[in-house]
Every structure is written in C-alpha cells, then in structure tokens.
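Below: one structure, written as structure tokens.
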Protein chains: 2
Amino acid sequence: MSQTDTKTCILDAAEKLFAEDGFHNTSLRGITSLATVNLAAVNYHFGCKDALLQAVIDRRLLPLNQLRRQKLQAALDRAEATGRRPEVRQLLCAFIEPTLEFRNSSPGAKDFIALIGRAMNEPDETIRNCFLRQVLPIFQLLFSGLQRALPDLSENILMARLQFTMGTMGHVMCISAQPALQIPGFPNPVADDKLAKELITFVCAGLEAPC
Amino acid sequence: MSQTDTKTCILDAAEKLFAEDGFHNTSLRGITSLATVNLAAVNYHFGCKDALLQAVIDRRLLPLNQLRRQKLQAALDRAEATGRRPEVRQLLCAFIEPTLEFRNSSPGAKDFIALIGRAMNEPDETIRNCFLRQVLPIFQLLFSGLQRALPDLSENILMARLQFTMGTMGHVMCISAQPALQIPGFPNPVADDKLAKELITFVCAGLEAPC
DNA sequence: AAGTGATTAAAACACTCGTTTGAAATGCCT
DNA sequence: AGGCATTTCAAACGAGTGTTTTAATCACTT
C-alpha cells in the first residue's frame with residue numbers, strides 16, 4: 001500500500017467517524033481500525049489528531065470554497081457589468097448550491113457536509129477555527145455582495161440575517177447524517193434534490209423581508 | 001451543605017461546562033472541582049454522567065416548555081374562538097420569545113440555551129434524545145398550528161421550512177456563548193433584546209414565502 | 001444520648017486516550 | 001545487490017476517563 005493510499009484511507013475513515021460521532025468522541029484507534037492501518041500511521045502522516053481534522057476539512061473545503069468564490073464573483077461581476085444591483089437570490093445560489101450539490105454527490109460527501117455543518121456551532125474553538133479559517137473570506141464576499149443587493153438594510157440587521165442564514169444552512173447540512181426531526185408521525189421533508197431550492201426560497205424571503 | 005445545595009452546585013457547574021466545552025469534552029472531575037464537591041457526589045446523586053446531562057436539561061427545559069406550550073395553546077384557542085386561522089407570527093412568538101427571554105435573563109441561562117441550541121445537531125444520539133424527548137411534543141403542536149395557518153403549503157414543504165426554522169433558532173441559541181461570526185471587520189449583529197424580533201421577522205418571511 | 005439512614009470523603013479500579021519509541025519491512029536508486 | 005530513505009508495525013508510556021468501593025461524617029428521630 002503506497003503512502004498516498006494510507007493517507008487517503010485515514011482521511012476517509014476519519015471523515016466518516018468525525019461526522020458520525022463527533023471529533024472528541026472519535027478515537028484514533030477507531031479511525032485506524034476502520035482504515036485498516038497501523039495506529040501510529042496517523043501521527044506519522046499527520047502529526048496529531050487536530051492536524052488530521054484540519055486535513056480532513058481542507059481536502060474537501062478548499063475546492064468547494066474555490067467553486068463558491070468563483071460563482072459569487074461571477075454574480076458580482078455580472079451585476080457590475082450591467083450597472084444593476086446584484087440579486088439576492090443569485091448570491092445565495094452561488095453560496096448554497098455548490099454545497100448541497102456536493103453533499104448529494106456521494107455518501108462520503110454527506111458525512112463531510114454534516115461535519116462542516118456542525119463545525120460552526122462547535123464549542124471547541126480549535127475545531128471551530130479549522131472551519132472558520134476557510135469560510136470567513138467567502139462569508140465576507142457574500143456579506144459585501146448582500147450589502148449592495150439590499151442597501152436599505154442597516155449593516156447590523158443584515159449581519160443578523162446573514163447569521164440566521166448560516167444557522168439554517170448549517171442545520172440543513174447536519175440533517176443529512178442524522179435526521180433529527182424525521183420522526184414517525186411527522187412528514188418527511190422534501191427530497192435532497194429539491195432541498196437547495198426550498199432552502200434558497202426560505203432564506204431569500206427572510207433576507208428580503210421588510211423591517 | 002445540604003443535599004439540595006450539593007445537587008444544585010453540580011447542576012450549575014455541569015451546565016456551565018457542558019455549554020462551554022461540550023458534553024464529551026467535559027470531565028466529571030472538572031465539574032466536581034468547579035462545584036467544589038467530591039467526585040463521587042455525581043454518581044451518588046445522579047447515577048451516571050448521561051443522567052446528569054438529562055437532569056441539567058430537565059431542570060430548565062421542563063418549565064420553559066410548559067410556558068411555550070401555554071402560549072402556543074393560547075394562540076390556537078384564540079384563533080379557534082374567532083373562527084380565524086392562527087397567525088404565523090403569533091405561533092412563532094409563542095415558540096421563540098420564551099426561549100430568548102429566558103436566555104437573556106442570566107448568564108447561567110445563556111449557557112443552558114447554548115447547550116440546547118447545539119443539542120439538536122449533536123452527533124451522539126443519546127444526547128440528542130435528551131433534548132428531543134422534551135421538544136418533540138411542542139414541535140408537533142407548532143407544526144399542526146402552522147398547518148392551519150398556512151393551508152396552501154404542502155406538508156412536505158412546511159416540514160422542510162419548519163426544519164429551517166429550527167436550524168436558525170438553534171444557531172441563534174448557540175452564538176450566545178461563542179460568537180462564531182462576530183469577527184473584527186464584521187459589524188456586530190443586533191443586541192440581545194432586539195434579537196427575538198429580528199429572528200421572528202426572518203423566519204416568518206421564510207415560512208410565508210410563496211412556493 | 002444512642003442509633004439509624006443519608007451524605008461526603010479518599011482511594012482505587014479497570015479502561016481508553018493521544019502520542020512516542022525503536023525495530024522491522026518496504027520501495028527505490030545506483 | 002547493496003545502501004539509504006520512507007513507511008509500517010507492535011509495544012509501551014503516562015495521563016485522564018467514568019465508576020465503584022469502603023469508611024467516615026453528618027442530620028435527625030426515638
């Protein structure tokens with residue numbers, strides 16, 4: 001088994017277990033056992049457990065954020081070129097659609113998205129920063145775009161509404177792995193492929209609501 | 001120190017540490033040290049760590065949910081009496097306002113609310129159920145009320161939007177303790193006492209959005 | 001004041017954790 | 001084939017975990 005395979009096996013197993021059980025409730029022995037590699041391989045290849053989490057996050061989030069950034073910038077450029085204000089819906093699409101499309105692309109991706117969705121509310125600052133380091137620049141781009149799209153909103157209220165949006169999105173990302181409220185007696189929410197559309201409709205209305 | 005004092009000290013310390021560090025990252029030794037009681041007191045008074053969490057949740061959530069239930073039922077009865085459909089905003093107020101008012105009532109309450117806000121997305125099913133057991137009946141009441149308030153919405157879409165609402169609310173509850181996105185360079189979101197109003201406006205618009 | 005049940009206390013138990021060590025194995029180039 | 005760097009492996013380390021045990025202390029009734 002080559003080095004790359006070992007590292008990939010560890011990343012795959014860690015991604016799955018971190019998502020299913022949480023970071024602190026996942027042991028390196030559980031990861032190496034699932035990956036069928038030696039326990040010491042984690043520290044050899046990644047240094048420590050924290051760095052493994054960062055690697056798990058980086059592997060998927062770097063390309064995902066690059067895509068989100070491209071789409072956001074394209075929407076902003078399009079508005080700039082036509083002299084119009086950017087549209088809220090387009091900005092939100094650029095931010096949300098890549099995430100949920102990636103989420104629906106494979107079961108492993110579902111695990112990862114759940115992990116990210118939970119990271120925002122993670123009590124451990126170290127873990128939260130693994131995620132925030134990557135997301136804050138995109139968030140800033142989205143915020144400034146929305147400021148131009150919704151010039152009548154005070155920046156405090158826009159900030160609050162954007163936080164509401166992030167909360168909604170984080171929860172949607174989480175319920176992929178553990179359908180918290182899909183309980184007998186309640187109807188199933190909409191299917192995965194319709195979820196992005198419904199989510200965008202929801203947060204669009206919230207962001208554009210009159211004060 | 002009487003029995004009640006010891007139990008209360010443990011509950012207070014556990015509430016604070018569970019909220020700040022998460023359940024799995026909090027040790028009984030940390031709790032008993034903060035509470036200045038003997039380590040064995042936790043197992044003596046509560047049985048085990050899981051049961052302590054349940055006790056922490058029950059102590060605050062039982063009265064809070066009773067209040068939410070009363071307000072929800074009152075709004076439904078009022079609509080019933082006048083022959084009108086219940087109003088979305090009133091139903092949401094009944095669900096949200098008691099939570100955020102309690103949150104702003106004391107620092108200890110802030111910890112608890114953050115704990116609850118995170119519980120919904122908790123990967124550990126045992127922990128999640130500590131919370132869901134209490135919340136599901138209220139959730140059901142809210143759902144059926146919203147079904148009557150928004151009869152044009154399919155129950156699948158309503159369910160999805162209600163999940164979005166719960167996600168938004170959970171996130172708002174979390175950011176009391178750890179202001180995830182309150183970063184230098186970003187404006188502060190609205191103050192605590194204005195937060196409930198803004199949140200209700202946001203989710204109201206989302207729930208009432210046209211399909 | 002003695003005795004009884006509830007509570008506190010210190011210590012240990014059995015276990016799991018992340019990390020380190022040093023030797024064995026593997027891959028690769030000359 | 002020899003030699004060297006990389007990777008794998010079993011084993012152990014020390015610290016920390018939830019829980020249990022047993023004795024001491026407290027509160028209260030008869």
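Chain letters run A, B, ... following the sequence lines, proteins first, then strands; residues in each count from 1. Keep in mind that this is a model prediction, so the values were computed, not measured.
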Ignoring hydrogens and geometry, is there a side-chain-to-backbone donor-acceptor pair from [X] to [Y] under 3.5 Å?
{"X": "Ser33(B)", "Y": "Gly30(B)", "value": "no"}
{"X": "Lys194(A)", "Y": "Ile157(B)", "value": "no"}
{"X": "Asn65(B)", "Y": "Gln134(B)", "value": "yes"}

From [atom1] of [X] over to [atom2] of [N], roughly how many Å is that when rounded to an integer?
{"X": "Asn25(B)", "N": "dT16(C)", "atom1": "CG", "atom2": "C1'", "result": "15 Å"}
{"X": "Lys7(B)", "N": "dA6(C)", "atom1": "NZ", "atom2": "C1'", "result": "13 Å"}
{"X": "Asn43(A)", "N": "dC13(D)", "atom1": "CG", "atom2": "C1'", "result": "13 Å"}
{"X": "Asp21(A)", "N": "dC17(C)", "atom1": "CG", "atom2": "P", "result": "11 Å"}
{"X": "Phe46(B)", "N": "dT8(C)", "atom1": "CZ", "atom2": "C1'", "result": "15 Å"}
{"X": "Leu52(A)", "N": "dG18(C)", "atom1": "CG", "atom2": "P", "result": "10 Å"}
{"X": "Phe18(B)", "N": "dG18(D)", "atom1": "CZ", "atom2": "C1'", "result": "12 Å"}
{"X": "Tyr44(B)", "N": "dA6(C)", "atom1": "OH", "atom2": "P", "result": "7 Å"}

* Of all the choices, dT8(C), dT19(D), dG18(C), which nucleotide is nearest to the side chain of Leu28(A) once you look at every atom? -> dG18(C)

* Structure fact -> Picking from dT6(D), dT19(D), dT19(C), the nucleotide nearest the side-chain atoms of Leu39(B) would be dT19(D)

* Identify whether any heavy atom of Ala40(A) sits under 4.0 Å from a base atom; if not, whether one sits that close to sugar-phosphate; answer base, sugar-phosphate or nothing. => base

* To do: For Thr26(A), report the nucleic acid contact type (base, sugar-phosphate, nothing); a contact means any heavy atom under 4.0 Å.
  => sugar-phosphate

* Shortest non-hydrogen contact from Ala13(B) to Ile31(B)? -> CB-O, 3.6 Å

* **Closest contact, heavy atoms only, Arg118(B) versus Ala19(B)** => NH2-O, 2.7 Å

Would you tell me if any nitrogen or oxygen in the side chain of [X] comes within less than 4.0 Å of OP1 or OP2 on [N]?
{"X": "His24(A)", "N": "dC17(C)", "answer": "no"}
{"X": "Thr6(B)", "N": "dT8(C)", "answer": "yes"}
{"X": "Ser27(B)", "N": "dG16(D)", "answer": "no"}
{"X": "Asn38(B)", "N": "dA10(C)", "answer": "yes"}

* Asked: Does Arg29(B) make a side-chain donor-acceptor contact with the base of dG16(D), cut-off 3.5 Å?
  -> no

